[in-house]
Undergrad: 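Would you mind keeping the following structure in view while I ask a few things?
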Amino acid sequence: MQDALRLGVAGLGTVGASVLRLVQEHGEHLAVRCGRPIEVVAIAARDRSRDRGVDLAGYVWHEDAEQLARSNSIDVFVELIGGESGPAETAVRAALSSGKHVVTANKALLARHGVELAKLAEANGVSLNFEAAIAGGIPIVKALRESLAGNAVTRVSGILNGTCNYILTRMEREGLSFEECLKEAQRLGYAEADPTFDVEGNDTAHKLALLTSLAFGCETSVDSIYLEGITEITTADIEAADELGYRIKLLGIAQRTDSGIEQRVHPTMVPKSSSIARIDGVLNAVAVETDYLGEVVLVGPGAGGNATASSVVADIADIARGDLMPTLGVPAAELKPYTRARMRRHEGGYFIRLSVFDRPGAFATIARCMAEKNISLESIVQRRRAPRSEAPEQSVEAPRTAAPQPVIMITYETTEADIQAALEAIGRENVIAGKPRMIRIERKPDAATAQG
């Protein structure tokens, strides 16, 4: 049997501690599967005194992650610090430059610097693996880099943030507001004290940038992603979607178009019959559409110490076996420049919720604005009462007033540019209160639906 593969782990939070525990508990199993022992020999973290629930005896302690990354005592540097710059970036660059393999769960670092770091890894003949950076325990990187290598990918999409999915699930099931569900997510540890990165869609965007590069063989471009979080989703939207046969999910979507590659993150209405609609709580799901295989959907835990550690150790196992893959699926020099397809060219149906003043001519004005942009309406629903979670039920016989009434419209397929222009025109006509609420609809059945 070969000599042991020596690991240095930087960052001993939830994931780092789980990696140590997994290697300790499954060491013999890993040695058999990989043909050589895998051992953690050194660690780095800021606080020596903190109890991490795992035995740290026997590991060489480094105060500085970069020092660990350059140490001749390790073969693989495992970066679990986090952050797109600072100590994580410095240490990863140091490890690659000194001929160390790197395994990381750092999506922010790779979304910003992935191409440059991939070139550095290739120049030094080492691996830069990041399975844990995209969807926790779901092996989507391996699927795109290896299993689907014979297919041309046309679209990749999915639920990539467990915090957002948990909040939307609770809002639907229990009729709670976004704020109430967020507080509960924070109490349970599913959301950070400052949840902005998750709920505004940034976390999903970083993961989508990496998926896009893997799927389409292009450079990463996180700043080209259309970004919209879930903070504006209300119980009214949730209930209306339910009545219309949809569920609301925060999706990351990347697809090839005639004008380039479109990347977008936003709340989306998906048919209840689709497999993606059935992904609840903190689970993640990724769907990949290909020319030969069709659609593949992978589902699993998207976060948490054990799920993420599983992917980290899978990457380490590949290195132990001698499997050296280009970081982003193809050699970095072969990555194509990212060509952005503008979001306003997107075509699809839309859910629109307006607060319309109950006065003569209001609906005619709205219809005219829509018709001028060649937008056809599939349905219009005027609700004479607020949703059940927002106000007590009132009689449908209630007298007409000048107060705004909730009106829901579903459009047939149209362009993003036309729907935005129509809503802007309606806003100028003084027939609605507040800002129109628009949610995109994905009607395309996925593989699970199509197969019945």
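In what follows, residues are counted from 1 in the order of the sequence shown. The basis for the numbers below is simple: all heavy atoms, side chains too, and nothing from hydrogens, waters or symmetry mates.
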Undergrad: Are the side chain of Arg145 and the backbone of Thr327 linked by a donor-acceptor contact shorter than 3.5 Å?
TA: yes
Undergrad: Would you say Lys272's side chain and Ala277's backbone share a donor-acceptor pair under 3.5 angstrom?
TA: no
Undergrad: Donor-acceptor pair, Glu116 side chain versus His113 backbone, under 3.5 Å?
TA: no
Undergrad: Tell me whether Glu63 is salt-bridged to Arg48, with the criterion being a basic N under 4.0 Å from an acidic carboxylate O.
TA: yes
Undergrad: CG of Leu208 to CG of Asp203: how many Å apart, nearest 0.5 Å?
TA: 11.0 Å
Undergrad: For the residue pair Met269 and Asp237, establish whether any side-chain heavy-atom pair is separated by less than 4.5 Å.
TA: no
Undergrad: Is Lys142 salt-bridged to Asp315, cutoff N-O under 4.0 Å?
TA: no
Undergrad: Does the distance from a Lys or Arg side-chain N to an Asp or Glu carboxylate O, for Arg264 and Glu442, drop under 4.0 Å?
TA: yes
Undergrad: Heavy-atom count around Glu192 CD within 6.0 Å, excluding the residue itself: above 12?
TA: no
Undergrad: Is Glu184 salt-bridged to Arg173, cutoff N-O under 4.0 Å?
TA: no
Undergrad: What are the two closest heavy atoms between Ala205 and Val222, and how far apart are they?
TA: O-CG2, 4.0 Å
Undergrad: Does Ser259 use its side chain to pair, donor to acceptor, with the backbone of Ala341 at less than 3.5 Å?
TA: no
Undergrad: Determine yes or no for a side-chain-to-main-chain donor-acceptor pair under 3.5 angstrom, with Asn284 supplying the side chain and Gly300 the backbone.
TA: no
Undergrad: At their closest point, which heavy atom of Leu68 faces which heavy atom of Gly8, and how far apart are they?
TA: CD2-C, 3.9 Å
Undergrad: Over all heavy atoms of both residues, which pair between Val102 and Ala95 is shortest? Give the atoms and the distance, please.
TA: CG2-CB, 3.7 Å
Undergrad: Ignoring hydrogens, what is the shortest heavy-atom contact between Ala69 and Ala91? Give both atom names and the distance.
TA: CB-O, 3.3 Å
Undergrad: Kindly indicate whether the side chain of Val153, heavy atoms from C-beta on, has any atom under 4.5 Å from the side chain of Leu214.
TA: no
Undergrad: Using a 4.5 Å cut-off on heavy atoms from C-beta on, say whether the side chain of Val199 contacts that of Phe178.
TA: yes
Undergrad: State, with a plain yes or no, whether a side-chain heavy atom of Thr339 is found less than 4.5 Å away from one of Ile261.
TA: no
Undergrad: If you apply the rule salt bridge (Lys or Arg N to Asp or Glu O under 4.0 Å), what do you find for Glu179 with Lys183, and how did you get there?
TA: CA-CA 6 Å; Glu179 292 76 14; Lys183 288 180 181 178; over 6 Å; no
Undergrad: For Gln24, look at atom CD and say whether over 12 heavy atoms of other residues, nucleotides or ligands are found less than 6.0 Å away.
TA: yes
Undergrad: Where do Leu168 and Ile248 come nearest, in terms of heavy atoms and distance?
TA: CD1-O, 3.6 Å
Undergrad: Does Asp75 use its side chain to pair, donor to acceptor, with the backbone of Arg6 at less than 3.5 Å?
TA: yes
Undergrad: For Glu66, is there an ion pair with Arg70 - N to carboxylate O distance below 4.0 angstrom?
TA: yes
Undergrad: Any chance you could lay out the salt bridge (Lys or Arg N to Asp or Glu O under 4.0 Å) test for Lys249 and Asp280, step after step, and finish with the verdict?
TA: CA-CA 9 Å; Lys249 299 292 184 181; Asp280 287 334; 3.2 Å; yes
Undergrad: Contact between Val286 and Leu160 at the side-chain level, heavy atoms closer than 4.5 Å - yes or no?
TA: yes
Undergrad: Just do the salt bridge (Lys or Arg N to Asp or Glu O under 4.0 Å) check on Arg440 and Glu416 with the steps written out, would you?
TA: CA-CA 9 Å; Arg440 295 158 190 87; Glu416 183 90 5; 2.7 Å; yes
Undergrad: Heavy atoms only: give me the nearest Cys181-Leu176 pair and the separation to one decimal.
TA: SG-CB, 3.6 Å
Undergrad: Please examine the side chains of Leu5 and Val76, heavy atoms only from C-beta on, and report whether any two atoms are closer than 4.5 Å.
TA: yes
Undergrad: Inspect the contact between Glu228 and Arg437 and indicate whether a charged nitrogen and a carboxylate oxygen are less than 4.0 angstrom apart.
TA: yes
Undergrad: Kindly check if the number of other-residue, nucleotide or ligand heavy atoms within 6.0 Å of CZ (Arg321) is above 12?
TA: yes
Undergrad: Is any side-chain heavy atom of Thr308 closer than 4.5 Å to a side-chain heavy atom of Ser18?
TA: no
Undergrad: Hey, does the side chain of Glu378 reach the backbone of Gly349 with a donor-acceptor pair shorter than 3.5 angstrom?
TA: no
Undergrad: Between the side chain of Thr411 and the main-chain N/O of Tyr350, is any donor-acceptor distance below 3.5 Å?
TA: yes
Undergrad: Without swapping roles, check the side chain of Lys373 against the backbone of Gln420 for a donor-acceptor pair under 3.5 Å.
TA: no
Undergrad: Could you check if a side-chain atom of Ile159 sits within less than 4.5 angstrom of a side-chain atom of Leu283, using non-hydrogen atoms only?
TA: no
